[in-house]
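Just below is one structure, and these are the notes that go with it.
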Amino acid sequence: MSHDGFESFVDAIFLLIVLFAASGVMLTRGLVSEHDPRSDGVALAGNLRLALFRTTLDGLGYRQGATDIEVRNGTTVETFLRLEVHLLRNASGDVDFGPANVRIGRIVARLLPSGWSGSVFGGLVGEPVVVQLPAITPSPDRFESRWAYAPVHGVGPGTELGVLVWLSPRR
Amino acid sequence: MVAVLGFSMFFGSLTEAYLRREAANRARVLEEMASSLLAAVIDDPRWTVERAVFVAWKLANATSSNFSFAANGHPFQVVVLDLAERRTWMFEVGEPVGDHRVASAPANVIARSVDPARVTATVWGR
């Protein structure tokens with residue numbers, strides 16, 4: 001190969017490399033998304049917590065030993081969950097919140113947009129969670145909104161309630 | 001031949017990148033419009049007492065034209081669904097065709113009690 005031919009060949013290869021790199025950069029830049037999906041999850045968790053905790057329900061109650069106890073109509077989910085955490089942590093004997101928990105778990109599911117799952121949790125500050133509705137294992141990649149409350153009787157650790165949301169895999 | 005191949009690839013990529021960017025921009029604009037529409041609905045004091053807390057009887061007085069400004073002339077639909085009473089308030093304008101984006105948020109409707117609700121705002125665009 002003559003010197004001129006070799007030079008043309010090197011130039012052509014160099015041109016090809018440059019155009020290939022430029023094409024790659026353009027295609028990659030074309031796919032860049034400026035929207036951060038994490039902000040959706042954080043906002044959803046906060047909005048879900050507010051909407052759920054403001055909701056009032058009639059006919060909520062629980063069973064303590066052999067006695068059915070009904071709380072007054074119009075009790076907010078927030079107040080009921082605080083009571084539930086308090087009683088599960090401090091009451092003597094069996095306390096069963098089963099039917100009320102099912103109702104609250106259903107509301108959580110219905111408040112969520114399609115494609116998202118979530119649960120509500122509660123416990124004493126600094127201690128393990130004692131309430132989780134519905135009782136499903138949350139995804140490790142989740143968003144959270146929580147709120148701490150003063151202790152029910154004014155002494156001891158406060159109560160903490162919150163919600164978790166995460167993207168559901170397609171089935 | 002190398003130059004022809006190289007430039008074909010380059011301009012092909014340029015065209016594809018442009019089309020992708022345009023599609024992404026269109027989707028982003030629709031997403032922003034859907035979010036603005038949702039915000040216009042849940043923040044309006046004419047039918048809410050605070051953010052995303054609707055008053056049922058006030059919501060009944062709202063009309064589709066109250067929300068049109070947030071959709072910039074695009075077809076849209078806003079649905080407020082009271083999950084406890086199964087009541088729905090729907091506001092829509094235009095023919096729902098083309099690409100669309102949805103923004104939704106949990107909310108409450110005050111009627112006899114404070115019910116859980118969901119608001120969904122959908123905006124269409126070509």
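Throughout, protein chains are lettered first and strands after them, A, B, ... in sequence-line order, and every chain is numbered starting at 1.
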Contact class of [X] relative to chain A, heavy atoms under 4.5 angstrom:
| X | result |
| --- | --- |
| E32(B) | neither |
| A117(B) | backbone |
| S113(B) | both |
| A107(B) | backbone |

What are the two closest heavy atoms between [X] and [Y], and how far apart are they?
| X | Y | answer |
| --- | --- | --- |
| N47(A) | R51(B) | OD1-NH1, 4.2 Å |
| V53(B) | R54(A) | CG2-CZ, 3.2 Å |
| N108(B) | A51(A) | ND2-O, 2.9 Å |

> Does the side chain of T55(A) reach to within under 4.5 Å of the side chain of D115(B), using non-hydrogen atoms?
Replying inline: no
> Do P113(A) and T120(B) have side-chain heavy atoms sitting under 4.5 Å apart?
Replying inline: no
> If you round to the nearest 0.5 Å, how far is CZ of R118(B) from CG of L48(A)?
Replying inline: 11.0 Å
>> Rounded at 0.5 Å granularity, tell me how far CG in D40(A) sits from OG in S35(B).
In response: 7.5 Å
> Judged by atom type as modelled, is there a donor-acceptor pair below 3.5 Å linking the side chain of T56(A) to the main-chain atoms of V114(B)?
Replying inline: yes
Below 4.5 Å from any heavy atom of chain B, which atoms of [X] appear? Answer side chain, backbone, both or neither.
| X | result |
| --- | --- |
| L50(A) | backbone |
| I17(A) | neither |
| I107(A) | side chain |

> Is N61(B) atom CG crowded by more than 12 heavy atoms from other residues, nucleotides or ligands, each under 6.0 Å away?
Replying inline: yes
>> Just checking R72(A): does its CZ atom have more than 12 heavy atoms from other residues, nucleotides or ligands closer to it than 6.0 angstrom?
In response: no
Joint hydrophobic cluster, [X] plus [Y], side-chain heavy atoms closer than 4.5 Å:
| X | Y | result |
| --- | --- | --- |
| V129(A) | I136(A) | yes |
| F91(B) | V41(B) | yes |
| M90(B) | L59(B) | no |
| V29(B) | W124(B) | no |
| V78(B) | M33(B) | yes |

